[in-house]
Amino acid sequence: MIANIDKSLILNKIKYFYNLASDKDLAEFLDISPPVLANWRKRNTIDYDIIFTKCESMDFNDLVGHESEKFAEPKAEYLLRSDRRLDTQRVPLYDAKAAAGLTKLFAGKPNVIDYITIPNLPKCDGAMYMTGDSMYPLLKSGDIIAYKQVKDIANGIIWGEMYVLSFLIDDEDFTLVKYIQKSDLGSDYIRLVSQNSHHSSKDIPLESITAMALIKASIRFNSMN
């Protein structure tokens, strides 16, 4: 029965349980080389003797159980040089759909779904669920994105970084996650760039932005069947 399990999911569960940020950290924890770990993922195989020896504090059923369950991969961080990680903080996870856009989310008292507590997370104002596939495969729909609100939109943009932003075009409100770059149309415009190559870049007037936040981290959940 164990042979039918996606071994990458087991490896991801180990990363999450031991708070390992990367496959390099996972390989070091398991005392194997990164190429060996990469080969495990490629061939969907693992050395159970190593796994059970190194992960003795994990419950066997939690590690290789067949029941449907969800678990979170270690967060991806998008840090600036000025960022300072906090030992502990409770980041509110908001219901952005109920808030109907960032403007109302930032201005009102939105519904808090839960609180996220992750050690050494950079300072965040809140978190929400990602929707759409514009930043796939870096982010996918259903991922949680943690953000820091930008209050001075005219002067607070850090070019090339990833933002969630709301803007008005022809009286229609859009909320998107994009990289923000300088526009060829001049300083009154910005360029929105996707990670997904199937999405075209778009230039919008800077004044059309109603709210924006710098994305500081993301969390992905996987299902194990």
Side-chain angles (χ1 to χ4, degrees), residues 73-86 89 91-108 110 112-113 116 118 120-221:
E73 292 182 352
K75 62 186 179 298
E77 293 183 345
Y78 312 100
L79 298 176
L80 304 176
R81 290 183 178 180
S82 59
D83 276 331
R84 180 173 61 88
R85 292 183 174 90
L86 301 181
Q89 63 174 314
V91 180
L93 176 62
Y94 293 121
D95 185 353
K97 289 184 178 180
L102 290 184
T103 306
K104 293 183 179 179
L105 178 67
F106 293 162
V112 176
I113 302 172
I116 301 170
I118 300 176
N120 299 318
L121 190 70
K123 173 61 178 174
C124 297
D125 293 326
M128 66 180 69
Y129 284 103
M130 172 75 182
T131 59
D133 66 348
S134 65
M135 302 306 289
Y136 184 83
L138 184 63
L139 297 174
K140 69 178 183 179
S141 187
D143 287 356
I144 293 174
I145 51 176
Y147 60 81
K148 185 78 170 63
Q149 182 181 355
V150 177
K151 296 182 179 179
D152 184 357
I153 295 175
N155 302 299
I157 295 175
I158 303 173
W159 303 107
E161 295 297 328
M162 192 191 315
Y163 290 83
V164 54
L165 70 157
S166 290
F167 58 94
L168 286 172
I169 298 292
D170 295 330
D171 294 326
E172 187 172 356
D173 192 8
F174 297 87
T175 298
L176 302 174
V177 176
K178 299 284 186 179
Y179 292 117
I180 293 184
Q181 298 180 358
K182 292 185 177 182
S183 171
D184 294 336
L185 300 179
S187 59
D188 292 335
Y189 287 79
I190 63 169
R191 176 165 295 174
L192 306 181
V193 180
S194 301
Q195 180 78 20
N196 189 334
S197 60
H198 296 290
H199 289 250
S200 300
S201 300
K202 181 179 181 62
D203 295 273
I204 65 169
L206 183 62
E207 66 179 11
S208 69
I209 300 174
T210 56
M212 67 186 305
L214 179 64
I215 295 179
K216 309 297 293 185
S218 65
I219 305 169
R220 175 165 298 177
F221 285 79

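Under 3.5 Å, the side chains of Asp143 and Ser218 contain no donor-acceptor pair of N or O atoms.
The main-chain N or O of Ser183 is never found under 3.5 Å from a side-chain atom of Asp203 such that the two would form a donor-acceptor pair. Between the side chain of Gln89 and the main chain of Leu121, a donor-acceptor pair closer than 3.5 Å is present. At distances below 3.5 Å, not a single donor-acceptor pair connects side-chain atoms of Asp170 with backbone N or O atoms of Glu172. Looking at Ser134, its side chain never comes within 3.5 Å of a backbone N or O of Ser194 through a donor-acceptor pair. When atom types are taken as modelled, the side chain of Ser208 and the backbone of Ile169 share no donor-acceptor pair closer than 3.5 angstrom.
The side-chain heavy atoms of Leu102 and Met128, taken from C-beta on, include a pair separated by under 4.5 Å. With contacts defined as side-chain heavy-atom distances shorter than 4.5 Å, the pair Val177/Met162 qualifies. Two residues are said to be in side-chain contact when any heavy atoms from C-beta on lie closer than 4.5 Å; Met135 and Tyr179 meet this criterion. Taking 4.5 Å as the limit, some side-chain heavy atom of Val164 sits within range of a side-chain heavy atom of Thr175. Counting heavy atoms from C-beta outward, Phe174 and Ile204 have side chains that stay 4.5 Å or more apart. In this structure the side chain of Val112 reaches within 4.5 angstrom of the side chain of Tyr94, judged on heavy atoms. For the pair Ile215 and Tyr163, the minimum side-chain heavy-atom distance is 4.5 Å or more. Taking the side chain as every heavy atom from C-beta outward, Arg191 and Tyr189 never approach each other to under 4.5 Å.
The aromatic rings of Phe106 and Tyr147 are tilted relative to each other, their planes meeting at an angle between 30° and 60°.
Shown here for Cys124 and Lys216, the closest heavy-atom pair between the two residues is SG-CB, 3.7 Å. Closest approach of Met130 to Lys140, counting heavy atoms only: CG-O, 3.5 Å.
Distance CG/Leu165 to CG/Leu214: 11.5 Å, rounded to 0.5 Å.
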